[in-house]
Number of protein chains: 2
Amino acid sequence: MTSATPLPAETLSITEVAERTGLSPDTLRYYEKAGLISPVGRSTSGRRRYAAADMNWIDFLLRLRDTGMSIADMQRFAELRRGGAATTADRLAMLREHRVRLHRRIHGLQVSGRALDDKIDHYERLLEDT
Amino acid sequence: MTSATPLPAETLSITEVAERTGLSPDTLRYYEKAGLISPVGRSTSGRRRYAAADMNWIDFLLRLRDTGMSIADMQRFAELRRGGAATTADRLAMLREHRVRLHRRIHGLQVSGRALDDKIDHYERLLEDT
DNA sequence: GTTTGCGGTGGAGTGCACTCCAACTCCTAC
DNA sequence: GTAGGAGTTGGAGTGCACTCCACCGCAAAC
């Protein structure tokens with residue numbers, strides 16, 4: 001008899017979140033302390049319980065991180081987010097700037113990738129000429 | 001009367017190399033100390049004089065760095081290079097592995113870039129609905 | 001009722017890649 | 001001859017993003 005789930009609904013423990021995100025529990029606590037993640041719900045015994053909304057936000061944070069955004073900039077973005085709808089335009093501006101930097105970075109990597117290809121070709125030719 | 005250039009030929013001072021590469025003089029010395037750059041020629045008064053071959057190597061090092069290779073791996077590559085022709089196959093292997101990692105990284109950035117695009121679209125729609 | 005295990009906190013420590021500094025040495029120009 | 005400027009060395013310091021640690025609390029398992 002699965003009764004209607006009570007209030008806690010579907011929440012995850014810190015180690016479960018760690019497993020799903022690849023972050024360590026220490027890093028999750030560090031991010032929260034740093035204000036990247038707003039204080040997450042607690043169980044009666046004071047343990048963190050991550051809800052779906054927390055997970056979505058963490059996933060997005062990781063996109064920002066993986067595309068090279070610094071902790072300082074993520075803090076700024078998270079703070080804007082806590083400021084609510086009034087900050088939408090500012091957040092959009094941040095994301096657009098970040099996208100520009102990202103595209104520049106991808107382009108730079110592709111250019112360097114071709115230089116790397118050339119170097120590899122060079123070495124392959126050296127090895128062919130036994 | 002520009003007489004035939006003597007032995008030093010076309011060499012650059014450390015600040016000139018810094019300007020051309022974007023590295024600081026401190027970083028150039030640090031790289032040399034770390035073995036990334038093999039001891040560069042010196043003037044009679046003990047000052048570094050970078051030759052064309054040094055510049056080519058530094059340019060390539062920067063490609064490796066900019067594509068995410070760690071100092072430790074660049075040290076390994078530089079050491080192989082000092083080992084001469086016998087290490088060609090090893091160096092080729094390193095570069096191929098590095099290229100695989102680079103392509104994975106570029107791909108990951110492109111995927112995250114699309115997620116970023118979606119988020120930007122989302123914010124744009126929020127702002128349109130005045 | 002105590003061992004086991006997960007989680008909490010504050011704060012110290014780590015690894016990487018630089019970056020800065022003090023003290024000294026050379027030229028070059030005045 | 002001395003002041004200025006560029007460069008030398010060894011070693012200390014910095015900023016970032018974690019990562020580790022000691023010590024404590026709670027709850028289920030035995």
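As the structure is a computational prediction, the values presented were derived from the model and not from experiment. Note: hydrogens, waters and symmetry copies are ignored here, and every other heavy atom, side chains too, is used. By convention in this document, chain letters (A, B, ...) are assigned in the order of the sequence lines, proteins followed by strands, and residues within each chain are numbered from 1.
When only modelled atom types and interatomic distance are considered, A:Arg63 and B:Ser112 share a side-chain donor-acceptor pair under 3.5 Å.
Note on B:Leu127: it clusters hydrophobically with A:Leu80, by side-chain heavy-atom contacts below 4.5 Å among ILVMFWY residues.
A:Asp73 contributes no side-chain N or O that, together with a main-chain N or O of A:Ser70, makes up a donor-acceptor pair within less than 3.5 Å. Here the side chain of B:Thr11 pairs no donor or acceptor atom with the backbone of B:Arg49 at under 3.5 angstrom. For B:Asn56 (side chain) and B:Ala53 (main-chain N/O), no donor-acceptor pair under 3.5 Å exists by modelled atom type. Formation of a donor-acceptor pair under 3.5 Å by the A:Trp57 side chain with backbone atoms of A:Leu36 is found in this model. Using a distance-only test at 3.5 Å, with no hydrogens or angles considered, a donor-acceptor pair links the side chain of A:Thr21 to the main chain of A:Val17.
At a threshold of 4.0 Å, the pair B:Glu97-B:Arg91 does not count as salt-bridged, since none of the basic side-chain nitrogens sits closer than that to a carboxylate oxygen. At a threshold of 4.0 Å, the pair B:Glu124-A:Arg96 counts as salt-bridged, since one of the basic side-chain nitrogens sits closer than that to a carboxylate oxygen.
The aromatic rings of B:Phe77 and B:Phe60 are tilted relative to each other, their planes meeting at an angle between 30° and 60°.
Taking side-chain N and O atoms only, A:Arg65 has a distance below 4.0 Å to OP1 or OP2 of D:dC18.
Helix bend of the helix from C:dG1-D:dC30 to C:dC30-D:dG1: the angle between its two end axes, each built from five pairs, comes to 20° after rounding to 10°.
Contact annotation for A:Ser70: backbone-only contact, meaning every heavy-atom pair under 4.0 Å involves sugar-phosphate atoms and none involves a base. Residue-level contact check: B:Arg49 touches neither bases nor backbone, having no heavy atom under 4.0 Å from any strand.
Residue A:Arg42 qualifies as enclosed at atom CZ: its count of foreign heavy atoms under 6.0 Å is above 12.
Put simply, CE on B:Met69 is 15 Å from P on C:dC16, counting in whole angstrom units. With rounding to whole Å, A:Asp66 atom CG is found 13 Å from D:dA17 atom P.
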Short N/O separations, protein against nucleotides 24-29 of chain D, under 3.5 angstrom:
{"unit_1": "D:dG25", "atom_1": "N2", "unit_2": "A:Arg47", "atom_2": "NH2", "d": "2.5"}

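Near DNA chain D, meaning a heavy atom under 4.0 Å away, the residues from residues 13-36 of chain B are B:Ser13, B:Ile14, B:Thr15, B:Arg29, B:Lys33.
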